[in-house]
Amino acid sequence: MNNKHYYIMTFGCQMNEHDSEIMAGMLENMGYAETEKRAEADVIVINTCSIRDNADKRFFGSLGQLKRLKTENPDKIVAVCGCMMQQQHIIDSIKMKYSWVDIVFGTHNIHLLPELVNQVINERQKIIDVWDEHQGVFEGLPSKRKYDFKALVNITYGCNNFCTYCIVPYTRGRERSRKPEDILSEVKELAASGVKEVMLLGQNVNSYGIADGFDMDFADLIYAINDIEGIERIRFMTSHPKDLSDKLIGAYRDCEKLANHIHLPVQSGSSRILKLMNRKYTREDYLEIIRKLREVTGNTIAVTTDIIVGFPGETEEDFQETLSLLEEVKYDSAFTFLYSVRKGTPAEKFENQIPEEIKHERFNRMREILDGGMADNNKKYEGRTVKVLVEGSSKTNIKTLTGRTESMKIVNFAGSRDLIGKIVDVKIIEGKTYSLVGEVI
Ligand code: SAH
Ligand code: SF4
Ligand code: F3S
């Protein structure tokens with residue numbers, strides 16, 4: 001019987017989700033078992049995100065809740081890691097106000113978690129071990145994956161783009177790519193273990209291999225994975241418009257496993273704001289990419305995006321350009337954000353910060369247009385039969401199954417739980433704003 005338990009709480013993006021899978025793998029190798037109950041855990045890890053201010057606040061809220069558990073059981077180990085820990089002002093707050101934290105580590109040394117836990121157990125002292133820069137790419141770490149049928153696969157780490165609003169280049173360090181042979185052998189192993197869908201991860205997958213001088217670029221990697229038997233769907237995240245090549249657009253024509261979807265963050269529809277954001281493309285460049293992608297896929301590709309409203313200096317005219325771009329592209333879905341000031345980024349010092357009420361008002365107007373476009377797009381699915389990778393029970397109704405189409409649409413339908421992990425044909429009966437309803441055929 002296993003009587004040591006761990007609990008991991010994860011905030012943030014897929015990078016963090018995957019780092020948590022690796023930390024879970026390492027803790028299992030140490031003999032810990034996962035628990036859903038924090039009170040039962042001997043080791044609690046909080047993997048943090050710092051992308052916006054509300055992410056920081058949620059972390060401090062969760063940390064506050066752990067004080068009582070730690071007082072009741074001082075042997076419990078509380079470890080915090082992730083992007084927030086790469087910032088000195090956060091470490092200072094933890095030292096001053098959250099004395100019940102035992103271990104602080106960062107994004108560059110998650111592989112040390114077992115050592116740090118053992119050190120706390122043996123020496124009963126607090127440890128702060130955050131590295132300023134990465135020491136290369138670590139291969140061969142274990143991982144306890146959340147799903148058996150789909151997997152996250154890192155291809156690059158870090159980011160060199162320094163968008164003026166963004167904290168990631170400071171928390172994840174410089175961009176570096178995993179070697180093609182390491183990625184391909186991981187994907188082959190995943191396929192052999194029954195994984196059908198891989199999601200290739202990087203802050204800017206399109207610059208894969210360039211900084212490291214590899215012969216293989218991102219499009220080559222897609223072609224190579226397309227040839228791996230057992231893999232049925234290839235996805236990637238995130239694609240930066242400035243580095244999206246015609247060769248990658250060609251892969252949508254040639255690679256039948258490449259999902260007919262692209263997540264292509266635009267951030268703003270105004271070229272003036274894009275310049276202030278240091279995005280290195282214009283509205284016209286972006287629209288040209290969308291045109292080519294639609295051309296090569298016979299106008300079938302699903303397009304999703306990220307948008308920030310209320311970037312410093314954004315005028316009503318700039319915002320109107322974002323709205324008109326949304327009307328023009330008609331996105332299938334969008335993550336929309338209020339600009340949030342991040343300490344240490346260039347935009348923190350920009351003049352003309354936008355008042356919160358204007359940000360909110362613009363945000364609501366933008367959502368209305370986006371939702372209208374999404375509802376229209378989803379209506380077009382009615383009567384069509386689509387392939388769905390079944391992921392589990394629906395969040396709202398345990399008796400209903402949920403899964404995703406190639407285009408990333410959520411589909412809810414009745415069916416047996418035996419279908420989980422399989423790709424099935426589903427006929428769409430209703431297209432709602434945020435999801436589709438269907439029946440298995
Ligand atoms: N590397 C990815 C984005 C990762 S962060 C890319 O370049 O597309 C995910 C999203 O969070 C970004 O696309 C952006 O829309 C949003 N974001 C990042 N920093 C932000 C900030 N300071 N305020 C509001 N939104 C932000
Ligand atoms: Fe942040 Fe820009 Fe890098 Fe994306 S590309 S992680 S938005 S700096
Ligand atoms: Fe957040 Fe770090 Fe990801 S800041 S979005 S967890 S890279």
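As the structure lists them, so they are numbered: ligands from 1, and atoms in each ligand from 1. Start at 1 with the first residue, then count along the sequence.
Looking from atom 4 (S) of ligand 3 to the surrounding protein, the closest heavy atom is Ser50 N, 3.3 Å. Ranking the protein heavy atoms by distance from atom 5 (S) of ligand 2 puts Asn161 ND2, 3.4 Å first. Of all protein heavy atoms, the one lying nearest to atom 5 (S) of ligand 1 is Ile51 CD1, 3.5 Å. Here the heavy atom of the protein found nearest to atom 7 (S) of ligand 2 is Tyr165 OH, 3.4 Å. Of all protein heavy atoms, the one lying nearest to atom 6 (S) of ligand 2 is Gln203 OE1, 3.4 Å.
Near His240, the atoms of ligand 2 lying under 4.0 angstrom from a non-hydrogen atom of the residue are 5 (S). Below 4.0 Å from some heavy atom of Cys159 lie the following atoms of ligand 2, by number and element: 3 (Fe), 5 (S), 6 (S), 8 (S). When each atom of ligand 1 is checked for a heavy atom of Leu338 under 4.0 Å away, the hits are 23 (N), 24 (C). Interface atoms of ligand 1 facing Arg52, defined by a heavy-atom separation under 4.0 Å, are 11 (O), 16 (C), 17 (N), 23 (N), 24 (C), 25 (N), 26 (C). Taking a cut-off of under 4.0 Å to the non-hydrogen atoms of Cys166, the atoms of ligand 2 that pass are 1 (Fe), 6 (S), 7 (S), 8 (S). If you number the atoms of ligand 1 from 1 as listed, the ones under 4.0 Å from a heavy atom of Arg342 come out as 22 (N). Near Arg279, with a cut-off below 4.0 Å to any heavy atom, the atoms of ligand 2 are 2 (Fe), 7 (S).
Screening Leu221, Ile222, Ile225 against Phe236 for a side chain to side chain contact (heavy atoms under 4.5 Å, CB included) leaves a single residue, Ile222.
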Checking Lys280 against Asp285 for the salt bridge (Lys or Arg N to Asp or Glu O under 4.0 Å) test, could you report, in this order, the C-alpha distance in whole Å, the side-chain angles of both residues, the deciding distance, and whether it holds? CA-CA 10 Å; Lys280 300 199 172 81; Asp285 297 334; over 6 Å; no
Take Arg145 and Glu186 through the test salt bridge (Lys or Arg N to Asp or Glu O under 4.0 Å) and record every step on the way to the result. CA-CA 13 Å; Arg145 296 185 182 268; Glu186 182 178 354; 2.6 Å; yes
With side-chain hydrogen bond (donor to acceptor under 3.5 Å, both in side chains) as the criterion, how do Asn378 and Lys409 come out once you've worked through the C-alpha distance, each side chain's angles and the decisive distance to 0.1 Å? CA-CA 9 Å; Asn378 287 354; Lys409 304 270 176 199; 2.7 Å; yes
What do the steps show when you test Leu244 against Ile262 for side chain to side chain contact (heavy atoms under 4.5 Å, CB included), and what is the final call? CA-CA 11 Å; Leu244 198 149; Ile262 189 159; 3.6 Å; yes
Checking salt bridge (Lys or Arg N to Asp or Glu O under 4.0 Å) for the pair Lys150/Glu391: CA distance, chi angles, key distance, verdict? CA-CA 9 Å; Lys150 62 172 191 173; Glu391 297 190 350; 3.0 Å; yes
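Ionic pairing of Lys343 and Asp56 is not present here: no N-O contact between side-chain nitrogen and carboxylate oxygen is shorter than 4.0 angstrom. Under a 4.0 Å N-O distance rule, the pair Arg291/Glu288 qualifies as a salt bridge. Here Glu34 pairs with Lys144 in a salt bridge; the nearest charged N to carboxylate O distance falls below 4.0 Å.
Within the structure, the closest approach of Met84 to ligand 3 does not fall below 4.0 Å when heavy atoms are considered. Ligand 1 does not have Val168 within reach: every non-hydrogen atom of the residue lies 4.0 Å or more from it. In this structure, Asn204 falls outside the shell of residues with a heavy atom less than 4.0 angstrom from ligand 1.
The side chain of Phe337, and not its backbone, has at least one atom closer than 4.0 Å to an atom of ligand 1 (non-hydrogen atoms only; side chain from C-beta on). Of all the heavy atoms of Phe162, the ones lying under 4.0 Å from any atom of ligand 2 belong exclusively to the backbone. At a heavy-atom distance under 4.0 Å, only side-chain atoms of Arg279, from C-beta outward, approach ligand 1. Here Gln203 has heavy atoms under 4.0 Å from ligand 1 in both its backbone and its side chain. If you look at Val341 next to ligand 1, there are no close heavy atoms at all, none under 4.0 Å. Heavy atoms of Pro265 found under 4.0 angstrom from ligand 1 belong exclusively to the side chain. Counting heavy atoms under 4.0 Å from ligand 2, residue Pro169 touches it through the side chain alone.
Proximity annotation for atom 7 (S) of ligand 3: of Gln203, Gln86, Arg342, Gln203 comes nearest, heavy atoms only.
Formation of a donor-acceptor pair under 3.5 Å by the Asn16 side chain with backbone atoms of Thr10 is not found in this model. A donor-acceptor pair is defined here as one N or O able to donate and one able to accept, closer than 3.5 Å; no such pair exists between the side chain of Gln320 and the backbone of Glu316.
The cationic group of Arg58 does not satisfy the cation-pi geometry with Phe11, failing either the under 6.0 Å distance to the six-membered ring centre or the 45° limit from the ring axis.
Geometrically, ligand 1 and Asp306 share a nitrogen or oxygen pair separated by less than 3.5 Å. Residue Thr238 places no N or O, backbone or side chain, under 3.5 Å from any N or O of ligand 1. At least one N or O atom of Ser340, backbone or side chain, sits closer than 3.5 Å to an N or O atom of ligand 1.
Going from atom SG of Cys83 over to atom OH of Tyr170 covers 13.5 Å, rounded to the nearest 0.5 Å.
Smallest separation of non-hydrogen atoms from Gly310 and Tyr339: O-CB, 3.4 Å. Of all heavy-atom pairs spanning Gly82 and Thr107, the tightest one is C-CG2, 3.6 Å. Between His18 and Asn154, the shortest heavy-atom distance links the atoms CD2-OD1, 3.0 Å. Scanning all heavy atoms of the two residues, the minimum distance from Arg362 to Thr315 falls at NH2-C, 3.6 Å.
Under the 30°/60° scheme for interplanar angles, the aromatic rings of Tyr281 and Tyr286 are found to be tilted. Using bins of under 30°, 30° to 60° and over 60° for the plane-to-plane angle, the ring pair His263/His261 lands in the tilted bin.
At a threshold of 2.8 Å, atom 2 (Fe) of ligand 2 has a backbone or side-chain N, O or S atom of Cys163 nearer than that distance.
Excluding water, every protein N/O/S atom under 2.8 Å from atom 3 (Fe) of ligand 3 is given here by residue and atom: Cys13 SG.
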